[in-house]
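Worksheet: one structure, shown below.
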Amino acid sequence: MFLRLPFWHTATSTMGTALPRGQLTATGTFSLQQPLNYRAGGRVEPVDGGQTEDVYEPATGRVITKLLCSGEKEVDLAVQSAKAAFQTWSRTSGMERCRVLLEAARLIRERRDEIATLETINNGKSILEARVDIDISWQCLEYYAGLAGSLAGEHIQLPGGSFGYTRREPLGVCVGIGAWNYPFQIACWKSAPALACGNAMVFKPSPFTPISVLKLAEIFTEAGAPKGLFNVVQGGVATGQFLCHHPDVAKISFTGSVPTGVKIMEMAAKGIKPVTLELGGKSPLIIFSDCSLENAVNGALMANFLTQGEVCCNGTRVFVERKILDTFTKEVVKRTQKIKVGDPLQEDTRMGALINRPHLERVQRFIKQAKEQGAQVLCGGDLYVPDDPKLKNGFYMQPCVLGNCRDDMTCVQEEIFGPVMSILPFDTEEEVVERANNTKFGLAGGVFTRDIQKAHRVVAALKAGMCFINNYNISPVELPFGGYKSSGFGRENGRAAIEYYSQLKTVCVEMGDVESVF
Ligand SMILES: NC(=O)c1ccc[n+]([C@@H]2O[C@H](COP(=O)([O-])OP(=O)(O)OC[C@H]3O[C@@H](n4cnc5c(N)ncnc54)[C@H](O)[C@@H]3O)[C@@H](O)[C@H]2O)c1
Ligand SMILES: C[N+](C)(C)CCCC=O
């Protein structure tokens with residue numbers, strides 16, 4: 001299924017060259033002692049902070065390293081490092097930036113398997129998916145490398161030979177704050193447009209997944225970026241707050257939950273800092289009876305079960321036209337039961353482990369509550385303990401399909417962020433559009449139908465930033481991605497992201513004499 005998607009291809013043949021460095025190859029063997037901060041072109045221990053967090057391998061439940069949270073001084077050093085690099089980088093031409101980004105993309109591609117393996121170890125997603133994430137990451141860098149050389153303002157003729165022109169200028173030091181579900185990819189989606197526009201960046205990954213972004217930092221340096229152009233600080237709430245409040249930070253790009261997004265916006269407001277907010281969702285997927293059933297079933301699985309269901313844009317409210325409800329449901333359940341859950345580093349695994357024990361328990365509580373509210377568990381939903389003894393403390397569950405759902409149930413209203421699909425019948429187009437839009441979220445939406453007019457009519461009516469027709473959850477980096485309503489604003493990917501990492505200066509040029517009123 002995965003291999004026929006256009007973006008879901010493998011990088012050509014450079015894979016494997018960087019692999020077995022140390023113990024990267026087997027689940028249950030990885031551990032890390034190196035510093036996790038990156039500043040002025042090298043790994044460093046934070047100068048202050050000192051609070052430690054355990055970092056887990058979700059597949060086994062083992063602690064693989066300890067995270068030292070960065071304090072205010074360390075955050076300041078990282079921002080100053082970025083500020084210094086900004087002085088030189090912002091003066092380079094777009095073509096010079098292009099070359100650095102292209103080389104970084106090439107290095108990511110070359111080290112794809114090594115980075116994907118790290119991502120799988122620290123996040124728990126299957127290695128097959130992690131490789132795709134890394135492919136999307138280097139594609140993102142390539143895309144913005146391509147745009148860097150063509151960033152330009154415009155020339156505007158004025159009366160009497162005078163004229164004006166605009167310059168597209170960088171913002172300065174941009175902060176990226178990431179979620180744990182796509183750690184490396186999120187760092188690339190933020191840093192690629194930021195650096196292409198001439199900015200410098202300080203990035204803070206989620207404390208659950210602090211590891212893979214260090215590879216990106218090293219790659220930028222190796223690719224020729226000035227030391228300090230891309231820095232990493234580690235930590236949770238406090239470190240994030242130091243970053244958002246720092247007076248030398250010009251912009252904050254945040255990926256995470258809605259409640260944290262609100263706090264980020266409040267902090268940014270105090271410093272009049274622009275923000276990009278990529279937040280959560282509870283997206284509708286609408287299946288009309290005239291669809292290709294096979295494609296619709298594939299789409300529903302893609303919309304719900306990638307990365308153990310921990311995907312912001314997942315189409316978790318699956319509205320199915322009543323005429324095909326039974327056929328569709330039967331097929332979806334059959335296919336869901338066949339999903340191979342287990343060791344994420346095994347090539348045939350299709351669903352790995354959830355991020356941590358508290359999150360697994362949270363997902364379980366949603367399922368329990370759904371049952372109490374009248375939903376029927378059609379398959380899955382239970383904890384899963386693999387036979388392999390080394391995996392017995394991992395955070396696994398069986399992917400779940402819920403039937404007999406109603407719009408007012410908690411499982412249909414709230415973002416579960418786990419492998420739980422809710423199926424809801426509908427009768428008319430008008431009714432389903434209204435119900436699909438009846439949510440505080442607006443990240444994504446999808447429709448499966450062979451009627452092309454109906455498809456365009458429905459997506460035009462959906463109040464969501466990213467809509468799919470006859471597919472779901474693919475990620476061409478050329479397309480802007482972002483939300484409506486509580487799912488946030490600003491866009492990542494595509495040309496649109498340039499607007500969010502640059503500012504426009506207008507220059508007015510007088511070619512005649514000054515006509516003064518005084
Ligand atoms: N729209 C998107 O592109 C997108 C992509 C991935 C994930 N998400 C969303 O992210 C959520 C899951 O991620 P999460 O659990 O890591 O989210 P989260 O909001 O708990 O944390 C996100 C990041 O913010 C940091 N943070 C937390 N509190 C902070 C504060 N007060 N100030 C500054 N930083 C703070 C965290 O340390 C982490 O790095 C889901 O809701 C998901 O939908 C959205
Ligand atoms: C790559 N996906 C599947 C579109 C996910 C984008 C980021 C959301 O969590």
Side-chain angles (χ1 to χ4, degrees), residues 5 7-8 53 67 69-70 75 123 125 129-130 132-137 139-140 175-190 203-210 213 233-246 252-268 275-283 302-316 355-356 358-359 362 414-418 441-444 446 464-466 468 471-477 479-484 486-493:
L5 295 167
F7 77 102
W8 208 263
E53 301 278 349
L67 177 91
C69 296
S70 301
V75 165
N123 169 275
K125 69 175 73 187
E129 278 195 51
V132 176
D133 294 358
I134 308 312
D135 286 343
I136 294 171
S137 301
Q139 286 162 14
C140 180
V175 158
I177 297 181
W180 44 261
N181 58 344
Y182 286 83
F184 192 85
Q185 186 181 289
I186 289 173
C188 289
W189 283 18
K190 296 189 188 307
F203 189 85
K204 189 195 83 60
S206 163
F208 302 147
T209 51
V213 69
V233 294
Q234 301 282 358
V237 177
T239 310
Q241 287 170 336
F242 294 136
L243 282 169
C244 294
H245 285 307
H246 198 292
I252 304 159
S253 176
F254 171 75
T255 297
S257 63
V258 174
T260 311
V262 171
K263 291 179 192 148
I264 298 283
M265 210 168 150
E266 283 167 359
M267 290 187 276
V275 287
T276 295
L277 295 180
E278 295 286 355
L279 308 179
K282 188 75 194 179
S283 300
M302 288 288 285
N304 280 273
F305 297 135
L306 288 177
T307 306
Q308 300 75 242
E310 300 156 327
V311 181
C312 54
C313 44
N314 268 0
T316 45
I355 190 71
N356 53 36
H359 185 61
R362 183 175 175 271
E414 298 299 322
E415 182 182 46
I416 298 176
F417 223 52
F441 298 109
L443 188 54
M466 176 80 232
F468 298 93
N471 207 337
Y472 206 96
N473 263 346
I474 56 168
S475 284
V477 296
L479 300 184
F481 180 88
Y484 281 14
S486 290
S487 293
F489 52 78
R491 291 292 176 270
E492 297 194 311
N493 291 340

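Positions are given from 1, in the same order as the sequence printed here. Order of listing sets the numbers, starting from 1, for every ligand and every atom in it.
Checking Trp180, Phe242, Phe417 against atom 14 (P) of ligand 1, the nearest heavy atom belongs to Trp180.
Heavy atoms of Asn181 found under 4.0 angstrom from ligand 1 belong exclusively to the side chain. At a 4.0 Å heavy-atom cut-off, ligand 1 does not touch Val258 at all.
On a distance-only criterion, Pro207 and ligand 1 share no N/O pair closer than 3.5 Å. Taking only nitrogen or oxygen atoms, main chain and side chain alike, Thr260 reaches within less than 3.5 Å of ligand 1. In terms of polar-atom proximity, defined here as any N/O pair under 3.5 Å, Ile136 makes no such contact with ligand 2. Considering backbone and side-chain N/O atoms, Glu492 never comes within less than 3.5 Å of an N/O atom of ligand 1. When only interatomic distances are considered, the shortest N/O to N/O separation between Glu415 and ligand 1 falls below 3.5 Å. Some N or O of Asn181 is nearer than 3.5 Å to an N or O of ligand 2, by distance alone.
Residue contacts with ligand 1 leave out Tyr182, since none of its heavy atoms falls under 4.0 Å from the ligand. Ligand 1 does not have Phe208 within reach: every non-hydrogen atom of the residue lies 4.0 Å or more from it. For Gly178, the closest heavy-atom approach to ligand 1 falls below 4.0 Å. Taking 4.0 Å as the cut-off, Trp189 does not count as a neighbour of ligand 1 on heavy-atom distance. At a 4.0 Å cut-off, at least one heavy atom of Met267 sits close enough to ligand 1 to count as contact. Pro205 counts as a contact of ligand 1, since one of its heavy atoms falls under 4.0 Å from the ligand. Within the structure, ligand 2 has Gln185 among the residues with a heavy atom less than 4.0 angstrom away. A heavy-atom separation below 4.0 Å is not found between Gly488 and ligand 1.
Ile136 places a side-chain heavy atom less than 4.5 Å from the side chain of Val477. Inter-residue side-chain proximity for His359 and Trp180 is flagged as met; some heavy-atom pair is nearer than 4.5 Å. Counting heavy atoms from C-beta outward, Asn493 and Cys140 have side chains that approach closer than 4.5 Å.
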For Glu129 and Thr307: C-alpha separation, side-chain torsions, deciding distance, then whether side chain to side chain donor-acceptor pair (under 3.5 Å) applies. CA-CA 7 Å; Glu129 278 195 51; Thr307 306; 2.9 Å; yes
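Among all non-hydrogen protein atoms, the one lying nearest atom 24 (O) of ligand 1 is Phe254 CE1, 3.1 Å.
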